[in-house]
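Take a look at the structure set out below.
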Amino acid sequence: MPELPEVASFEKYFEKYAIGRKIASAQVKDSRIIRGLPAGRFEGELSGRRFVSTRLHGKYLFAATDGERWLVMHFGMTGYLQYFEKPEDNPKYDRVLIGFQQGGYLSYVNPRMLGWIGLIESPDELIRQKGLGPSAQDSRFDYREFRKIFSGRKERIKPALMNQGLAAGIGNIYSDEILFQARIHPMTRANSLNEKELKSIFHHLKKVLQTAIDRNTGTGSLPEQYLLRERRKGAACPVCGTRLETAKIGGRTSYFCPNCQKEPTGPKA
DNA sequence: CTGGTAACCTGGCCGC
DNA sequence: TGCGGCCAGGTTACCA
């Protein structure tokens, strides 16, 4: 669930509840969630520090401290942040708990334990190590860049959009929405897309992410003609009413409208 | 380079 | 009520 728009809302949440506050204590409640250093050192290095700024890249959230280190968070599929005032109000499945000197707690919650937390020297170094592409909502990721990265590839457009090494931040859910809005079948080979189709995908990529970010951080739900509102077994296309179909592409379940998103033509496309 | 599969982990849901 | 089985999600490892 946490793809770039959700992580962007976690960033806002983190800014609201953690930035500028001094850390009184850090408690690791399940050490399996900590990567790159022992849980005890994670706790020790964090306490006494202060969070000063945040940074988002794809599905990763970074928080700079006033020390040498950055906190890095990845949310897997079920992770999120939760702030609360009283210790006894801590949420179920909290894995890391940060207590602030002025009171209040921020917990990293993750029921299914996919995802991780660590302390690193440099976000850029981590981005390089992981081989991440440009963050999808970054203004530097423009159409020229998109075209350069995606246009020649042989693979299907859906797994390409989900490939964090090409552009970071898009997962199974939003790739379905982007392709639905662009009226492109998810099985289409990237290198068979013409200029107009590439432009459409890029346009909707930006638009869908921004719409979701606005929704998560502000008010309101997704627009009526969004696939995500109907993304479930047996539902009807919000545009034409055709029954939605599913397909396994790249190991993930894709939802699409067989009428709005025509199957690519040609043999074994 | 490409793509297919499975594992990691665990709660939720379906069917019996 | 309980239980097995499957699914979800992002990432990574492994194999063709």
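So you know, we letter chains A, B, ... as the sequences are listed, proteins then strands, and number each from 1. All values below come from the heavy atoms of this structure, side chains included, with hydrogens, waters and symmetry mates left out. Nothing here was measured: the structure is a model prediction, and the numbers come from that model.
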inquiry  = Output the rounded distance in Å from CG (A/N163) to C1' (C/dT12).
reply    = 13 Å

task = Could you tell me the separation between the CD atom of A/E3 and the P atom of C/dA8, rounded to a whole number of Å?
result = 14 Å

query = Between C/dA8, B/dT10, C/dT11, which nucleotide has the shortest distance from any of its atoms to the side chain of A/Y60?
reply = C/dT11

query = Between A/E3 (side chain) and A/G171 (backbone), is there a donor-acceptor pair under 3.5 Å?
reply = yes

task = Ignoring hydrogens and angles, answer whether the base of C/dG10 and the side-chain atoms of A/R252 contain a donor-acceptor pair closer than 3.5 Å.
result = yes

message = Below the 4.0 Å mark, does C/dA8 have OP1 or OP2 next to a side-chain nitrogen or oxygen of A/T253?
response = yes

inquiry  = Nearest whole Å is fine: how far is B/dC8 C1' from A/R35 CZ?
reply    = 10 Å

query = Where the side chain of A/S107 meets the backbone of A/V109, is there a donor-acceptor pair that is under 3.5 Å apart?
reply = no

inquiry  = Are there over 12 heavy-atom neighbours, none belonging to A/E224, within less than 6.0 Å of that residue's CD?
reply    = no

request  = Using a 4.0 Å heavy-atom cut-off across all strands, classify A/K233 as base, sugar-phosphate, or nothing.
outcome  = nothing

key: Rounded interatomic separation in angstrom, taking CD1 from A/I33 and P from B/dT10   = 10 Å

Aromatic ring proximity, centroids under 6.0 angstrom, A/H57 and A/F62 = no

query = Taking only side-chain nitrogens and oxygens of A/H74, does any of them come within less than 4.0 Å of OP1 or OP2 of C/dG10?
reply = no

task = For A/Q261 and A/C257, indicate whether the former's side chain and the latter's backbone hold a donor-acceptor pair under 3.5 Å.
result = yes

inquiry  = What is the separation between atom CE on A/M162 and atom C1' on C/dT11, rounded to the nearest whole Å?
reply    = 12 Å

request  = Please work out whether the ring planes of A/F141 and A/F202 are parallel, tilted or perpendicular, with thresholds of 30° and 60°.
outcome  = perpendicular

query = Can you check whether A/R32 has a side-chain N or O nearer than 4.0 Å to OP1 or OP2 of B/dT10?
reply = yes

ask   = Quick one: do the A/Q164 and A/Y60 side chains pair a donor with an acceptor below 3.5 Å?
value = no

query = At under 4.0 Å, does any side-chain N or O of A/R153 touch on OP1 or OP2 of B/dT2?
reply = yes

note = Contacts of A/K130 and A/L114 projected onto DNA chain C by closest heavy atom; the upstream (5') one is A/L114

A/E125 atom CD, over 12 foreign heavy atoms within 6.0 Å = yes

ask   = Taking a pair as Watson-Crick or G-U wobble with both distances under 3.5 Å, which nucleotide is matched to B/dC1?
value = none

Protein-nucleotides 11-15 of chain B N/O pairs closer than 3.5 Å?
residue, atom, partner, partner atom, Å
B/dG11, N3, A/R112, NH2, 3.4

inquiry  = Taking only side-chain N and O atoms of A/R189, does any of them lie within less than 4.0 angstrom of OP1 or OP2 on B/dG3?
reply    = yes

A/Y80 OH - C/dG10 C1' separation (whole Å) = 18 Å

query = To the nearest angstrom, how far is A/K158 atom NZ from B/dG4 atom C1'?
reply = 16 Å

query = Taking CE from A/M113 and P from C/dT11, how many angstroms apart are they, rounded to a whole number?
reply = 16 Å

